[in-house]
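Everything below concerns the one structure shown next.
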2 protein chains.
Amino acid sequence: MADLLSVAKLAGVSRATASRTFATPERVSPATRRKVEDAATQLAFRPNKVARQLRARATKMIGVMVPSLNNPVFAEQLHAMEVAAREAGYSLIVTTSGYDPSREQAIVEEMLSQRVDGLALTVAVARDSAVLTTLQRETTPCLLVYNPPHPGGLPAIGVDNRAAMAEATRHLIALGHRHIGMVAGPLLQSDRARLRYAGYRQAMREHGLAPQPLIEMPRHTQAELACLAPALAGPNRLTAVLCTNDLLAISLIGELQRATFSVPDDLSVMGFDGIDLGRRLYPSLCSMEQPRIEIGRAAIASLLAMIQGQSPPLPFLPHALREGESVGAPPTSRQAPTLRSPQRNTP
Amino acid sequence: MADLLSVAKLAGVSRATASRTFATPERVSPATRRKVEDAATQLAFRPNKVARQLRARATKMIGVMVPSLNNPVFAEQLHAMEVAAREAGYSLIVTTSGYDPSREQAIVEEMLSQRVDGLALTVAVARDSAVLTTLQRETTPCLLVYNPPHPGGLPAIGVDNRAAMAEATRHLIALGHRHIGMVAGPLLQSDRARLRYAGYRQAMREHGLAPQPLIEMPRHTQAELACLAPALAGPNRLTAVLCTNDLLAISLIGELQRATFSVPDDLSVMGFDGIDLGRRLYPSLCSMEQPRIEIGRAAIASLLAMIQGQSPPLPFLPHALREGESVGAPPTSRQAPTLRSPQRNTP
DNA sequence: TTGTATGCGTTATCAA
DNA sequence: TTGATAACGCATACAA
């Protein structure tokens, strides 16, 4: 690919003049500007960003790391980030960590080596992540996305997970539910999930209700009815469950319906995240919505500010309760409906 | 951040030796190697990829452009691409085009300027995309993903959309359906959607059935029941519909159910793409699955081969019919069920 | 307004 | 085995 020097030669000017034609056109006489531009198009010249980055000691690139792109929460947030970054003239290097701390470490290392101007990371657990120590002796601005902030830790942007889940729980309580459970992926792998469970317990206790032990599913985004079945029987059976994320809630609803359970008549199911798809389903998914678009946008804006040397304020972004048909009043009869073993249509 | 020269100084060697310590350790004596390594850790040295990229005239970066990340088809494929690329030591620059041809053009231009080693693009319409002309006079390897191949055009990877939709149609016909419609987003914006419509018509005619005019929805991934309602009334009302993508199918099912329609008893609904979520729902979504993971992986592998100067074969990847509860035999009675206006739970 | 010269951090070539 | 040096392509300080 043609370089600046060949353009300059063809135009009959020096490299410096050719460079200025693109960087600061107003400092070049119209006549020579034309000559250079002509030469450039003739040679299909395309400035080499790598050289520019080396020279400028800045890449106009932001490194993004998310746990997965198979969860729409991250995909939708990333989409918003990409649009915002592009508007500001920045590109995104995108990586996935699979919630694996050692991969998190390697990825950050690599992005620093690439000299990204900033990092937007979503890690499994912010407090004891290995990347923290790496980053705290670096000058590259770094922002945690979705992770909760910690005193003395990295700046973080997202909702107040604890308060949000507490609010979700209160919503169910206000509808009359007393036996409310919480369903999560394995091990409360992420710090957000832990905070959400804490918020749930807090709201339960506030109302003199007994927080239930966590109902753990073997997978993060896929419900196993068998894990929930015990809690749906007996006199104290649950009338509502909160899920740590929407995909889990949606798949749980599917499993319940397949077992001839009715949602919300037999069991109310509430999600967390507020992914778009939830509104399209029937019953539509009641969920505590995280403003994913806003989070993505604000993350980029804040990161750009940090790159400029500022310390932007990073308040919690507002969560919002989204009503949905998957949640209703508790059933009046205390008799448990029959839970059949799921029947699948796929042979 | 420390550079090679400071490491060399601290270790008491030349820049060249320091460089070799990392590039070709076997060509450095163990003693000096140790010294350099110690100096490197002491200074927290991290090689500057930008400089390396400039020098090597190769970036080990691949530029990826997708229409959107809000559709799981692209997000899931991107996830697979990221994993595959990382394994091969490549990074991904990710951009979204929003199906906008002018943005497509600008994005490709920018990535070429960044000197990515290869491009993986999903464009709206491959044949008359402006990027084609740009790219065909470039040497940077480029691969179209999901777009159909064209003679003399860019290499492309994906399924045979026409054959796949024909097969989907035949599936419905085999179940006894005779009045089958097709639902799509606005304007058949993408070349894939057009091919799918062609496949549908072909299969219909093969069986002596009349292809129906396309039912266009105002949005790509969100169904409006009003657009479909006319086709659900009268003696020749549809008993099954094919949707150009899964999100459209899912939202259509939701709308139908909300209007007290039963799927599949009153209307069978089939999707296209086979996103993971479809299997979790009840009724589970019957869909023609594109092997998104495999497409992502193969795209990277093929692109790497192209970067090596090879011309890998690019056959269609196999699509697969995924059975699901959203499709069944046509209703026996020809009387149309009542279609109520949708009732939402959200005030 | 234009040109000259230098450096960004690395690696490869060539000598020693 | 090691060192000196040039070059990757660009942008800027300085001089003209």
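Only a predicted model underlies this, so the values are computations on that prediction, with no experimental measurement involved. So you know, we letter chains A, B, ... as the sequences are listed, proteins then strands, and number each from 1.
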B:Phe45: ring pair (Phe, Tyr, Trp, His ring centres under 6.0 Å) partners, not counting sequence neighbours =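 Result, ring pair (Phe, Tyr, Trp, His ring centres under 6.0 Å) vs B:Phe45: B:Phe22.
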
Please list, chain by chain and in numerical order, all residues satisfying ring pair (Phe, Tyr, Trp, His ring centres under 6.0 Å) with B:Tyr90, sequence neighbours excluded.
->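 Once residues adjacent in sequence are excluded, B:Tyr90 has no partner under the ring pair (Phe, Tyr, Trp, His ring centres under 6.0 Å) criterion.
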
Counting distance only, does the side-chain N/O of B:Ser91 pair as donor-acceptor with the main-chain N or O of B:Ile62 below 3.5 Å?
->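 Checked: no pair found.
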
By side chain to side chain donor-acceptor pair (under 3.5 Å), which residues pair with B:Thr32, not counting sequence neighbours?
->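 B:Thr32: side chain to side chain donor-acceptor pair (under 3.5 Å) contacts with B:Ser29.
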
Report the residues that fulfil side chain to side chain donor-acceptor pair (under 3.5 Å) with B:Thr17, sequence neighbours left out, ordered by chain and then residue number.
->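 So B:Thr17 forms a side chain to side chain donor-acceptor pair (under 3.5 Å) with B:Ser14.
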
What bend angle does the helix from C:dT1-D:dA16 to C:dA16-D:dT1 show across its length, from five-pair end axes and to the nearest 10 degrees?
->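 End-to-end axis angle: 40°.
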
Decide yes or no for A:Leu143 and A:Leu154: does some side-chain heavy atom of the first lie under 4.5 Å from some side-chain heavy atom of the second?
->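 Result no, sub-4.5 Å side-chain heavy-atom pair not found.
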
Under 4.5 Å between any side-chain heavy atoms of B:Glu37 and B:Thr41, yes or no?
->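 Counting from C-beta outward, B:Glu37 and B:Thr41 never come under 4.5 Å.
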
Under the salt bridge (Lys or Arg N to Asp or Glu O under 4.0 Å) definition, can you give me all pairs with a residue in [range], not counting sequence neighbours?
range	result
residues 65-80 of chain A	A:Glu76-A:Arg292
residues 121-142 of chain B	A:Arg46-B:Glu138
residues 1-21 of chain A	none

Determine the sole option in A:Thr140, A:Leu119, A:Val123 for which the side-chain contact (heavy atoms from CB on, under 4.5 Å) test with A:Val108 is passed.
->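 Output: one option passes, namely A:Leu119.
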
Please state whether the phosphate of C:dT2, meaning OP1 or OP2, lies under 4.0 angstrom from any side-chain nitrogen or oxygen of A:Thr17.
->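 The answer is no; no side-chain N or O of A:Thr17 sits under 4.0 Å from OP1 or OP2.
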
Contact boundaries of DNA chain D with chain B (under 4.0 Å, heavy atoms), 5' to 3'?
->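 Here the contact window of chain B covers D:dT1 to D:dG9.
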
For DNA chain C, the residues among residues 26-44 of chain A that have a non-hydrogen atom under 4.0 Å from it =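 Nucleic-acid contacts, sorted: A:Arg27, A:Val28, A:Ser29, A:Thr32.
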
Counting primed atoms, P, OP1 and OP2 as sugar-phosphate and everything else as base, the B/S/- map of nucleotides 5-12 of chain C against protein heavy atoms under 4.0 Å is -BBBBBBB

Ignoring hydrogens and angles, write down the donor-acceptor pairs under 3.5 Å from the side chains of residues 66-74 of chain A, residues two or more places apart or on other chains.
{"unit_1": "A:Ser68", "atom_1": "OG", "unit_2": "A:Asn70", "atom_2": "N", "d": "2.8"}
{"unit_1": "A:Asn71", "atom_1": "OD1", "unit_2": "A:Val73", "atom_2": "N", "d": "3.0"}

Under 3.5 Å, is there a donor-acceptor pair between the A:Thr59 and A:Gln114 side chains?
->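 No, no side-chain donor-acceptor contact under 3.5 Å.
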
With a 4.0 Å cut-off on heavy atoms, is A:Val13 in touch with a base, just the backbone sugar-phosphate, or nothing at all?
->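 Since only primed, P, OP1 and OP2 atoms lie under 4.0 Å of A:Val13, the category is sugar-phosphate.
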
